[in-house]
Participant: 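Attaching a single structure in structure tokens format; questions to follow.
Source: prediction; values computed, not measured.
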Amino acid sequence: MNNETTTLISLKEAMKRVDHKLQVLEAQFRELDFTKDNLMQKFEHHSKTLANQAAQDEMWTAVRALEFTSMELNILYSYVIEVLICLHTRVLEKLPDLVRGLPTLASVLRRKVKNERIRVVWDSILEECGLQEGDITALCTFFIAHGNKAEHYTDKARQMYIRDITFLITNMVKNQALQDSLLRAVQVIEKGKAVKTPEEQKSPLKESIPPVKN
């Protein structure tokens, strides 16, 4: 075997070693890219979670900070509870076969996360009513914070006590998201979208809350 042949063989072996190292490096880079993508997804998810938590904390603080008289609070509560009951009723009307499995609005909110059929119906109902998910969060927060001590006022009583509920909300509710949600709740009721009153049903969120009073 002459020197030229030996050199050629050595060169081929060297190229094989280089190719092997390149393949190893390529695999390592793919793994690094995969790890990077996973870390980015986790970071984005964590950021969204923190943002949602901050928004929920802010909403809870805003609801607890409301300075209404008992009468004013009862009137606002009446609009909120009627909207929540309206939403629950509409879901049951569109999903009659799931009535037993959706006894409360809370069950709807919980199950729609994993049940596409419920989620599609829920989204369509919100659109029909001119509401968004953020409104539901705000209204449910209001309900949880004040539901145990507030009373339901009929439409006649509401009109007797306060002539302009929009003016009251606009001037007294400082948190913009909460203000917008309450105004939309009033709009839903005033347009006649709510079909049943709280006296006719249980609370849509808490089974333990006794029937509201007139």
Side-chain angles (χ1 to χ4, degrees), residues 54-93 102-110 122 125-214:
Q56 290 173 7
D57 290 345
E58 182 179 355
M59 181 59 66
W60 181 258
T61 299
V63 169
R64 298 292 294 179
L66 293 175
E67 297 182 353
F68 289 111
T69 65
S70 295
M71 179 193 67
E72 292 169 342
L73 188 65
N74 289 339
I75 291 174
L76 281 178
Y77 167 80
S78 301
Y79 281 107
V80 170
I81 193 68
E82 287 184 17
V83 169
L84 297 180
I85 287 177
C86 171
L87 294 174
H88 182 225
T89 301
R90 283 170 173 259
V91 170
L92 298 185
E93 288 173 348
L102 301 172
T104 63
L105 182 60
S107 63
V108 174
L109 298 177
R110 183 172 59 253
W122 174 255
I125 291 171
L126 288 188
E127 185 176 355
E128 290 171 7
C129 293
L131 298 171
Q132 302 173 6
E133 284 290 350
D135 297 322
I136 306 307
T137 298
L139 298 180
C140 288
T141 302
F142 182 98
F143 176 85
I144 292 170
H146 301 294
N148 283 330
K149 61 178 179 293
E151 297 183 3
H152 176 259
Y153 282 5
T154 63
D155 179 64
K156 184 177 180 180
R158 294 197 293 262
Q159 298 301 322
M160 183 186 305
Y161 289 126
I162 293 182
R163 295 293 182 183
D164 191 348
I165 185 64
T166 298
F167 179 80
L168 176 69
I169 294 172
T170 303
N171 282 273
M172 295 294 290
V173 181
K174 304 305 179 185
N175 180 279
Q176 191 62 53
L178 178 58
Q179 180 186 121
D180 291 343
S181 295
L182 290 173
L183 289 173
R184 276 191 279 269
V186 170
Q187 187 177 40
V188 169
I189 301 304
E190 295 302 327
K191 284 185 175 181
K193 294 184 182 292
V195 295
K196 293 186 179 181
T197 61
E199 297 95 318
E200 298 173 312
Q201 297 187 34
K202 291 182 180 180
S203 159
L205 294 182
K206 295 181 181 178
E207 294 286 352
S208 60
I209 296 179
V212 290
K213 298 175 289 183
N214 285 330

Participant: Counting only N and O atoms by type, is there a donor-acceptor contact under 3.5 Å from the side chain of His146 to the main-chain atoms of Leu76?
Facilitator: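 Not at all, since once roles are kept as given, no pair shorter than 3.5 Å links the two residues.
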Participant: Please confirm whether the backbone N or O of Ala177 pairs with a side-chain atom of Asp180, one donor and one acceptor, at under 3.5 Å?
Facilitator: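 No, because the side chain of Asp180 does not come within donor-acceptor range (under 3.5 Å) of the backbone of Ala177.
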Participant: Is Tyr79 close to Val188 at the side-chain level, that is, under 4.5 Å between some pair of heavy atoms?
Facilitator: no
Participant: For the NZ atom on Lys156, are there more than 12 heavy atoms of other groups (residues, nucleotides or ligands in this structure) within a distance under 6.0 Å?
Facilitator: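 No, not enclosed.
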Participant: Would you say the ring centers of Tyr161 and Tyr153 fall short of 6.0 Å from each other?
Facilitator: yes
Participant: Just wondering, do Leu139 and Leu182 contact through their side chains at under 4.5 Å, heavy atoms?
Facilitator: yes
Participant: Are any of the side-chain nitrogens in Arg158 or Glu82 under 4.0 Å away from the carboxylate oxygens of its partner?
Facilitator: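 Glu82 and Arg158: salt-bridged.
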Participant: Are a donor atom and an acceptor atom from the side chains of Glu127 and Trp122 found within less than 3.5 Å of each other?
Facilitator: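 Not at all, the side chains of Glu127 and Trp122 share no donor-acceptor pair under 3.5 Å.
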Participant: Got a donor-acceptor contact below 3.5 angstrom from the Lys174 side chain to the Thr170 backbone?
Facilitator: no
Participant: Taking all non-hydrogen atoms of both residues, which atom of Leu102 and which atom of Leu92 are closest, and how far apart?
Facilitator: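 Reported closest heavy-atom pair: O-CD2, 3.5 Å.
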Participant: Can you tell me how far CD1 of Ile85 sits from OG1 of Thr104, rounded to the nearest 0.5 angstrom?
Facilitator: 11.5 Å
Participant: How far apart are the closest heavy atoms of Cys140 and Leu84, and which atoms are they?
Facilitator: SG-CD2, 4.3 Å
Participant: For the pair Asn74 (side chain) and Ser70 (backbone), establish whether a donor and an acceptor sit closer than 3.5 Å, ignoring hydrogens and angles.
Facilitator: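 Yes; judged by distance alone, with no hydrogens or angles, the pair exists.
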Participant: Look up atom CG in Asp155 and atom CD in Glu190, then write down how far apart they are to the nearest 0.5 Å.
Facilitator: 6.0 Å
Participant: Just checking, is any N or O donor in the side chain of Asn175 or Gln179 under 3.5 Å from an acceptor N or O on the other one?
Facilitator: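 No, no side-chain donor-acceptor contact under 3.5 Å.
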